[in-house]
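Please read the structure below before turning to the comments.
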Amino acid sequence: MITPFRSARLRSVNRPALLALTGAGLFLASLDAYVVVTALLPMLTSVHIAVNRPEQATPIITGFLLGYLAVMPIAGGLSDRFGRIRVFAACLTLFAFGSFLTASAPSLSQLVTGRLLQGAGGGALVPAVLALAADLYPAGDRSPVLGAVSALQEIGSVLGPLWGGLVTASSFGWTWIFWLNIPAAAVIIWALWPEVRSRREERRPTSLDWVGALLATAGLALLTLALYAANPEQSPVGAGFIWQAPLSVLCFALFIWYERRTSHPLINVRRFRDSSFSGSALTNAIAGAGLMVGLVYIPVLANAVFSMNASGSALLLVRLMLGIPVGALLGGWLAYRLRSYRVVAALGLVLAAIGFLMLSGWNEGSLKPHLIGPLTLADGELFLTGLGLGMEIAPVSAALLDAVGEAERGAGASFLIVMRLVGMLVGFSLVAGFGLWEFHRATAHLLPPLPGLNLDFATQFALYTLKVKQAIFDEYHLIFRVTAIALLVGAAVAAATLRPLARPRWQ
Amino acid sequence: MRPGSPPRVLAAGLALAMTISACGPQPPDGATLLKQSSQRMLQLKGFHFQMQINGFTGPGEPVQSAQGDAHPPDLHAKVILKEGAVLLEVEVIFNADKIYLKSFTGGWQQLTAAQVAQFFDARLLFDQQAGLFAAMRDTTSPSRGNSEKVNGHDAFPVEGTLQGPRMHQLLPLIREQGTYHATYWIETPSNNLWRARVTGNLFDASQAATIVFDFSNHDHPVSVSPPPLG
């Protein structure tokens, strides 16, 4: 929970400069959340992993998310104890170290370790910066600042794939996505150094809920392992699913039990009884999963069947990403005008579901036909998907923040990010495993022709390639359709649970 | 404790260590090591291997790496091939003179010898006459270096030269014309070969490449069975 300090001294420092510097660090880390989606293929190749073993790319994505989620609950408390800026600088250093490991990785294990540390360093920045913003600004002025920090995190994560695609396609290659983090982090830490060294920051002993954090992290880590299909030919989930999944459920059950008893819980679990709170948390997670599917599978699809390079697939994804901020603004405005969170959130999710349903009809010619001028139908479909995913952000976030009230707003903002990431992690893990499993099932009897055996090898091979492409399309159609269904469920949850806007209190 | 005792103990220990090292069995010379290790490796009931090719390989040489278990001539390996800028993984089984391939999709299919020769006949790597272990005996001017740690084992490096035609037998894509530099890391007294490295302009007259073999699980029985087809 973030409780601002009433420190007059800290407020006397250059607030915008401090916020800008820490915000820049946060932005840097959030860029890297999904930066890999357009760089996966060259990353795999440089650690000697074959393209027909794409399941091995899953930990490159889930590793970061897991690291991010593991530290978020404790980072706020750590910054209470050791000082916001110190914790910020330490975590940014960890992020830079993770970037170094990733960029220099000779093996998949180092690559994943690097991503995990990047996530851990980057994830800790979110509560540290939110708490710093809460320290720097008095209660009345705080909301827009907290909003801006959260928005920075969102914008960074959405721009990441574009950034990654452009760097990967450039002559520098994918490693520079990560090399560049090191000087950038160094400059930020250098600029903050006087603040890091000064003893000006107020510190206070806080009781950190280590047990709760450990249980939650163990539960998530076990769930991620259980869902990781290392061998999708045999099983859509991990080999240890049988024992990992129940153990993960046990960890979560223990977490809830413990949180109800401890005096300083990470999260007030009693809030889940409030249907508006739990409904918005669930909706947010489902929307996160939907966004992740789009972020990962549109570039991969572009690469695998439309033969686009990293920048081409990033530019295709931009169509979806452009929709998100437009949708976010529209959603906020509509919710205010209609004075309803549930209608706007449900509408956004239904639009996103329609978008995914349209994507699930794509085939090899889908990028070609022009609608108006240079715009194609595919552009519109991608934009609509992003627009819908953007529209739900404001009403769902606002409903959750309304439910927690002013005193817990910082914690609420962190919790929103946590739920979104949990949705991304779990949703992506599920979709990745089942998608590949389905692909292997569909191609189980599709043998590639062998040179020399068939006289018309070229024809046979062309036919084989066509069939493989079709199987890839079928896999994606299934993934997009399942995502659409999940988003419709999210829409139903939002429509049933979100409370209307609180009446404005005139002061 | 009496004063002066620690230096005395130290001196005694030092003397003892020197005696042991002076009286300990001297490792054999390079040629003997190669011969003994070659014999040992050819008689193993099975082993695990990993092969990695680095440097210039050119478009004609698609194999990047291979790893698996072998009891020559039977073996089961995963092979990574380079196709343009991407890597592809296939699985091969050599069992009782039959060859099976599991490619990008679908199950196992049987290949003819002519088909496998077109891409990678992994049996040749460990063949009794043409393979790597036989080539150890054909390595000329061997010289032994000091013990080094290789994959956690103390082994003596033995350097020598291998002629092009000999390497060409082992991997037909290697140029017959060159002379290559070979290093073998051999553990004593087991004579286990832990690593072998061949460098030189293997696949192109002017560009260098390296092949590294790593071995483990020496003499762990390996039995390769034919896979279900389809």
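Letters go in sequence order (proteins before strands), and every chain restarts at 1.
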May I ask you to check whether over 12 heavy atoms, not counting those of [X], lie within 6.0 Å of atom [atom1]?
X: B/R40; atom1: CZ; value: yes
X: A/W362; atom1: CH2; value: yes
X: B/F56; atom1: CZ; value: yes
X: A/F100; atom1: CZ; value: no

Minimum heavy-atom distance A/H48-B/L87, with the two atoms named: CA-CD1, 3.6 Å
Separation of A/E233 CD from B/K102 NZ (nearest 0.5 Å): 3.0 Å
Inter-residue atom distance B/F104.CZ - A/L446.CG, 0.5 Å rounding: 12.0 Å
Region of B/L88 that comes under 4.5 Å of a non-hydrogen atom in chain A: both
Residue part contacting chain A, namely of B/K82, when any heavy atom lies under 4.5 Å: neither
Chain B contacts, top residue of A/L41, A/V468, A/I49 (heavy-atom pairs, under 4.5 Å): A/I49
Note, B/T105 side chain near A/P448 side chain (heavy atom, < 4.5 Å): yes
Partner set under salt bridge (Lys or Arg N to Asp or Glu O under 4.0 Å) for B/K45, not counting sequence neighbours: B/D219
